[in-house]
Amino acid sequence: MNGPHDLGGQMGFGPVAPEKDEPYFHAEWEKRALGITLSCGAFGAWTIDESRHARENIPPADYLAASYYEIWIRGVETLLERHGFATREELSSGQKLQAGSTPKRVLKAEMVPAALAKGGPCDRPVEAAPLFVVGETVRTKNFNPATHTRLPRYARAKTGIVEAVQGSFVFPDDNAHGKGENAQWLYTVVFDGTEVWGEGTDPSPSLTVSIDAWESYLERV
């Protein structure tokens, strides 16, 4: 979807200024926000793609005014309410008022190291061979869905070269909305800077931009 999370190439937001020696957390509550998000994700009620879409749906003014972990907390509140674990009134008051949904599993403290080490692999086999090969010229499709997508706005309707075939992975555009994993081949596609940003914006002819694109994002040139 086109939302406040997808700011690549957008003007008016000032320079990107990385913080030198930035700590993992800027406040103690941020540690708790991370823990709550991971613990709730372990319930097994939603996918990582649905959780991303929940954050993307935060109203733009609220999203842009929020810090990183404020966005995480607002997203998980949406998911807890959507899946019946808590009501909006309970989230506002911090008090349990009724019985909610039962998690499929509960992440206990002693389980955390192994769970984090295992991660969440999303590679899946597909029967069909890759449609594109390394070195082939492709064009990304031009679409603006209201649903989740991993193709950024700045890379739509652009022509590039397939740099690598990464394997086959869960298709997030479907998985975010309960339509199944529907795995597809994933490609790294490289674009010239001028193809992405336009004339007069590339200070160096050698500048390139690479993205990972699922097969259904691409078409032959």
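All of these numbers come straight from a predicted model, not from anything done at the bench.
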Tell me, yes or no, whether the heavy-atom count around K179 atom NZ, taken from other residues, nucleotides or ligands under 6.0 Å, exceeds 12.
no

Give me each pair satisfying salt bridge (charged side-chain N to carboxylate O under 4.0 Å, His left out) with a member in residues 72-82, each pair once, sequence neighbours excluded.
E50-R82, E77-R88, E81-R88

Is it true that Q184 and S168 share a donor-acceptor pair across their side chains at a distance under 3.5 Å?
no

Please work out whether the ring planes of W46 and H83 are parallel, tilted or perpendicular, with thresholds of 30° and 60°.
tilted

Test your reading of the model: is there a side-chain donor-acceptor pair from R105 to the backbone of A42, 3.5 Å cut-off?
yes

Is there a path of hydrophobic side-chain contacts, each under 4.5 Å between heavy atoms of I, L, V, M, F, W or Y residues, that connects W185 with I161?
no

Is any side-chain heavy atom of D49 closer than 4.5 Å to a side-chain heavy atom of V170?
yes

Is the Y187-Y217 ring centre distance short of 6.0 angstrom?
no

Say whether N57 and H53, considering side chains only, have a donor N or O and an acceptor N or O under 3.5 Å apart.
yes

Compute whether any side-chain donor of one residue and acceptor of the other, for Q166 and T188, lie under 3.5 angstrom apart.
yes

Looking at E219, I want to see if its CD is surrounded by more than 12 non-hydrogen atoms of other residues, nucleotides or ligands under 6.0 Å.
yes

Atom CG of L64: over 12 foreign heavy atoms under 6.0 Å
yes

Would you say Y154's side chain and L7's backbone share a donor-acceptor pair under 3.5 angstrom?
no

Assess, by modelled atom type and distance only, whether the side chains of R153 and N144 contain a donor and an acceptor separated by less than 3.5 Å.
no

Decide yes or no for K158 and R139: does some side-chain heavy atom of the first lie under 4.5 Å from some side-chain heavy atom of the second?
no

What is the minimum heavy-atom distance between V76 and I36, and which atoms define it?
CG1-CG2, 4.5 Å

Cation-aromatic face contact R156/F143, 6.0 Å, 45 degrees:
yes

Determine the interplanar angle of the W72 and Y68 rings, folded into 0 to 90°, and report it as parallel if under 30°, tilted if 30 to 60°, perpendicular if over 60°.
tilted

Is it the case that the side chain of E136 and the backbone of F132 share a donor-acceptor pair, with hydrogens and angles ignored and the cut-off at 3.5 Å?
no

